[in-house]
Amino acid sequence: MGSLLKTVQEVALEGGQVPEYFLYKDGHGGSRDVPFIDIPVVDVGLLATSSQELQKLNSALTNFGCFQAINHGMSVEYLNRLREITREFFQLPLEEKKKYLKQENDIEGYGNDNVYSDQQKGDWNDRLFLSLYPEQQRRLKLWPENPKAFRSIVHEYSEKIKSISEIILKAMARSLNLEENCFVEQYGERSKLNGRFTLYPKCPRPDLIVGSKPHGDASAITLLLQDQSIDGLQILKDNQWFKAPSIPEALLVNVGDQAEISSNGAFKSAIHKVLTNSERERISLAVFYVPELDKLVGPLEGLIDESRPKLYTTVKNYVNTYLQYYHQGKKAIEETKIQY
């Protein structure tokens, strides 16, 4: 059906009555009055040499679907610069940001949710969505020239995240007693990195409006740089919501649907959501590691036996299917599960 006529930032600044598109009548906005969850912290630098750290990674992805990654080769000062440059972009005048406006029914560029149906409920955020890797797939006309350092620091970050992602994926394989390249090879040498710079503006009705509705990611893994000044991300564990703490030097790494499929359910896609806030805005930067679109992604052979049959069908171009389900408030991964 297209995109919203206005950005969420515009709607927030205008005040007045919030469009029905954003409102959940049942108080679906969620509660801030939930406890923090102690997400395991994993030293990325030790994953190649420490069996204890490898076991910690396996336990985190099995029980939480995520972990806090430290010692990944990036300083707090560097990560804070990324946070600041994200904030600087969203503080630009609207006309400047609209130079990078996404086209109707596209996902890349500046804007917000595509609208697929009249029943769809909107997420209270604007984002700049960019293809980061492979480099030749970048659409540089959508890469901001202002702030001045944006392109150079995001290029550098892309290189670092690609390296960190592969270290983690290889460690995930070893933690399951598999050959270390099996995830990387299944996803393809030209797996994509997509970056999502997100602004959650101040919200007049946080009881009725969500920043991002509950979901798992369509990626294999997601590496999230959280805002340091305000919480908002919540993780679902054992059917209860918990606040996800933000550690200044850490990336929150979570399993996406495609790694759950590849691991035959050994690792669980982390269900999460973002709450809105009436007093303060919030930013984040997520990088999604996505298999090549034409690659077949299915449970790895080493994880299938008589005691644990194949639990998921093999998928291709999963992201496209996922988006259709997401905006209906449904989980695409449920459709991939084999019923015995």
Using the ring of Y78 (Phe, Tyr or Trp, six-membered ring only), decide whether K160 places NZ or CZ under 6.0 Å from its centre and within 45 degrees of its axis.
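Yes, cation above the ring, under 6.0 Å and within 45°.
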
Quick check with a 6.0 Å cut-off and a 45 degree axis cone: is K295 positioned over the face of Y187's six-membered ring?
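No, cation not above the ring by the 6.0 Å, 45° rule.
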
Ion pair check, [X] and [Y], cut-off under 4.0 Å:
| X | Y | answer |
| --- | --- | --- |
| E88 | K148 | no |
| E334 | K337 | yes |
| R127 | D113 | yes |
| R81 | E84 | no |

For the CD atom of Q55 and the OG atom of S50, what is their distance to the nearest 0.5 Å?
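Q55 atom CD to S50 atom OG measures 10.5 Å (nearest 0.5 Å).
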
Any heavy-atom pair between the side chains of [Y] and [X] that's under 4.5 Å?
| X | Y | value |
| --- | --- | --- |
| E335 | T321 | no |
| Y200 | N277 | no |
| S165 | V253 | no |
| Q136 | R190 | yes |
| K162 | S158 | no |
| L176 | F267 | yes |

May I ask you to decide if [Y]'s main-chain N or O and [X]'s side chain share a donor-acceptor pair within less than 3.5 Å?
| X | Y | answer |
| --- | --- | --- |
| Y322 | G216 | yes |
| N317 | L293 | no |
| K121 | L23 | yes |
| T336 | Y312 | no |
| W124 | V8 | no |

In a check of salt bridge (charged side-chain N to carboxylate O under 4.0 Å, His left out) between E108 and each of R138, R139, K102, which one passes?
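Of the listed residues R138, R139, K102, the salt bridge (charged side-chain N to carboxylate O under 4.0 Å, His left out) partner of E108 is R139.
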
Can you name the closest pair of heavy atoms from [X] and [Y] and give their distance?
| X | Y | value |
| --- | --- | --- |
| D123 | G211 | CB-O, 3.1 Å |
| Y157 | L251 | OH-CD2, 3.5 Å |
| I235 | C66 | CD1-SG, 4.5 Å |
| T86 | S284 | CG2-O, 4.1 Å |

Please assess Y318 against D257 for the test side chain to side chain donor-acceptor pair (under 3.5 Å), listing each intermediate value before the final yes or no.
CA-CA 9 Å; Y318 178 78; D257 287 1; 2.5 Å; yes

Taking it one step at a time, do D33 and S31 satisfy side chain to side chain donor-acceptor pair (under 3.5 Å)?
CA-CA 5 Å; D33 188 25; S31 171; 5.2 Å; no

Taking atom CD of Q137 as the centre, report whether more than 12 heavy atoms of other residues, nucleotides or ligands fall under 6.0 Å from it.
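For Q137, atom CD is crowded (more than 12 foreign heavy atoms under 6.0 Å).
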
Spell out, yes or no, whether [X] and [Y] are grouped together once hydrophobic residues are joined by side-chain heavy atoms under 4.5 Å, including indirect joins.
| X | Y | answer |
| --- | --- | --- |
| L178 | I221 | yes |
| L224 | L275 | no |
| M172 | F67 | yes |
| V274 | V210 | no |
| I283 | W143 | yes |

So, using salt bridge (Lys or Arg N to Asp or Glu O under 4.0 Å) as the criterion, who are the partners of K99 when residues are at least two apart?
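Per chain and number, K99 pairs via salt bridge (Lys or Arg N to Asp or Glu O under 4.0 Å) with E96.
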
Does the plane of the ring in F89 sit parallel, tilted or perpendicular to the ring in F150? Use 30° and 60° as the thresholds.
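The rings of F89 and F150 sit tilted, inter-plane angle from 30° to 60°.
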
Flag for N194-R196: side-chain donor and acceptor within less than 3.5 Å:
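No, no side-chain donor-acceptor pair sits under 3.5 Å.
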
Please report the C-alpha distance between R174 and E180 in whole Å, then the side-chain angles of each, then the deciding distance to 0.1 Å, and finally whether the salt bridge (Lys or Arg N to Asp or Glu O under 4.0 Å) criterion is met.
CA-CA 5 Å; R174 293 200 310 277; E180 74 168 14; 3.0 Å; yes

Quick check on side chain to side chain contact (heavy atoms under 4.5 Å, CB included): which of V41, L46, L47 does D43 satisfy it with?
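Of all the options given, the one that passes is L46.
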
Under the criterion side-chain hydrogen bond (donor to acceptor under 3.5 Å, both in side chains), which of N125, T7, D126 is the partner of N112?
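So the option named by the test is D126.
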
Quick one: list whatever passes side chain to side chain donor-acceptor pair (under 3.5 Å) with N254, sequence neighbours left out.
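Result, side chain to side chain donor-acceptor pair (under 3.5 Å) vs N254: D217.
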
